[in-house]
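Worth knowing before you read on, the calculation uses all heavy atoms, side chains too, and leaves out hydrogens, waters and symmetry mates. Here is how names work: the chains are called A, B, and so on, in the same order as the sequence lines, proteins then strands, and each is numbered from 1.
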Amino acid sequence: MPENESQQALYTALAMIPPGRVITYGHLARLAGKPGAARWVGRELKLLPSNTRLPWHRVINAAGRISLPSDSSGAEQCERLKAEGVEVRAQRVDLKTYLYDPAR
DNA sequence: TCATTGACAATAG
DNA sequence: ACTATTGCCAATG
């Protein structure tokens, strides 16, 4: 059973991000019905189980960078993105090219 | 209740 | 490109 509406909306929105595309925390928050709650999104993603099927790795910050420490988690996100065809050069993703914007 | 912290964001200098 | 500041939501001490 859904823990709450917002969380359910977040999962649904995240699940529809196609491979090879990315989205920012802010945009995802808006899609989840909580505009301006980018930080809340990050907190929720951190709570996801390691066995989740959700594409958490397609979520990056507004600057196009990985918002995780460069150790294990950050490196894994980077690898996952590259594996999907997303170019990550100098720790940075070109939002103009890879950002998933349903309204555009 | 207040202060701090965190997978954030926009703006200014 | 960098730091500093301010605003944001929620959890934690």
Output the residues of residues 29-37 of chain A in contact with DNA chain C, where contact means a heavy atom of the residue under 4.0 Å from an atom of the strand; sort by number or write none.
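Those residues are Lys34(A), Ala37(A).
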
With sequence neighbours left out, what residues match [X] under side-chain contact (heavy atoms from CB on, under 4.5 Å)?
{"X": "Arg65(A)", "value": "Asn61(A), Ala63(A), Arg92(A)"}
{"X": "Glu76(A)", "value": "Trp56(A), Arg80(A)"}
{"X": "Arg30(A)", "value": "Pro35(A)"}

What's the spacing between Glu44(A) CD and Lys46(A) NZ if we round to 0.5 Å?
10.5 Å

Could you give the distance from CD (Glu5(A)) to OG1 (Thr12(A)), rounded to the nearest 0.5 Å?
9.5 Å

Inter-nucleotide C1' distance (dG7(C), dG6(B)), Å rounded
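Looking at atom C1' only, dG7(C) and dG6(B) are 15 Å apart.
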
When the C1' atoms of dT1(B) and dT12(C) are compared, how many Å lie between them, rounded to an integer?
14 Å

Identify, with sequence neighbours excluded, every residue that meets side chain to side chain donor-acceptor pair (under 3.5 Å) alongside Thr97(A).
Asp94(A)

Give the intermediate values and the outcome of side chain to side chain contact (heavy atoms under 4.5 Å, CB included) for residues Leu54(A) and Leu45(A).
CA-CA 9 Å; Leu54(A) 292 173; Leu45(A) 293 185; over 6 Å; no

Regarding Glu84(A) and Arg58(A), does a basic nitrogen lie under 4.0 Å from an acidic carboxylate oxygen?
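Result for this pair is yes, salt bridge flagged.
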
Let me know the distance between CD of Gln91(A) and P of dA1(C), rounded to the nearest Å.
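Taking atom P of dA1(C) as the reference, CD of Gln91(A) is at 12 Å.
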
Pairs under 3.5 angstrom, nitrogen or oxygen only, protein versus nucleotides 6-13 of chain B, please.
unit_1: dG6(B); atom_1: N7; unit_2: Arg39(A); atom_2: NH2; d: 3.0
unit_1: dG6(B); atom_1: N1; unit_2: Arg39(A); atom_2: NE; d: 3.3
unit_1: dA7(B); atom_1: OP1; unit_2: Lys46(A); atom_2: NZ; d: 3.4
unit_1: dA7(B); atom_1: O4'; unit_2: Ser67(A); atom_2: O; d: 2.9
unit_1: dA7(B); atom_1: N6; unit_2: Leu45(A); atom_2: O; d: 3.4
unit_1: dA7(B); atom_1: N3; unit_2: Tyr25(A); atom_2: OH; d: 2.9
unit_1: dC8(B); atom_1: OP1; unit_2: Ser67(A); atom_2: OG; d: 2.0
unit_1: dC8(B); atom_1: N3; unit_2: Arg39(A); atom_2: NH1; d: 3.1
unit_1: dC8(B); atom_1: N4; unit_2: Arg39(A); atom_2: NH1; d: 2.2
unit_1: dC8(B); atom_1: N4; unit_2: Arg39(A); atom_2: NH2; d: 3.2
unit_1: dA9(B); atom_1: OP1; unit_2: Tyr25(A); atom_2: N; d: 3.4
unit_1: dA9(B); atom_1: OP1; unit_2: Gly26(A); atom_2: N; d: 3.2
unit_1: dA9(B); atom_1: OP1; unit_2: Ala62(A); atom_2: N; d: 3.4
unit_1: dA9(B); atom_1: OP2; unit_2: Ala62(A); atom_2: N; d: 2.6

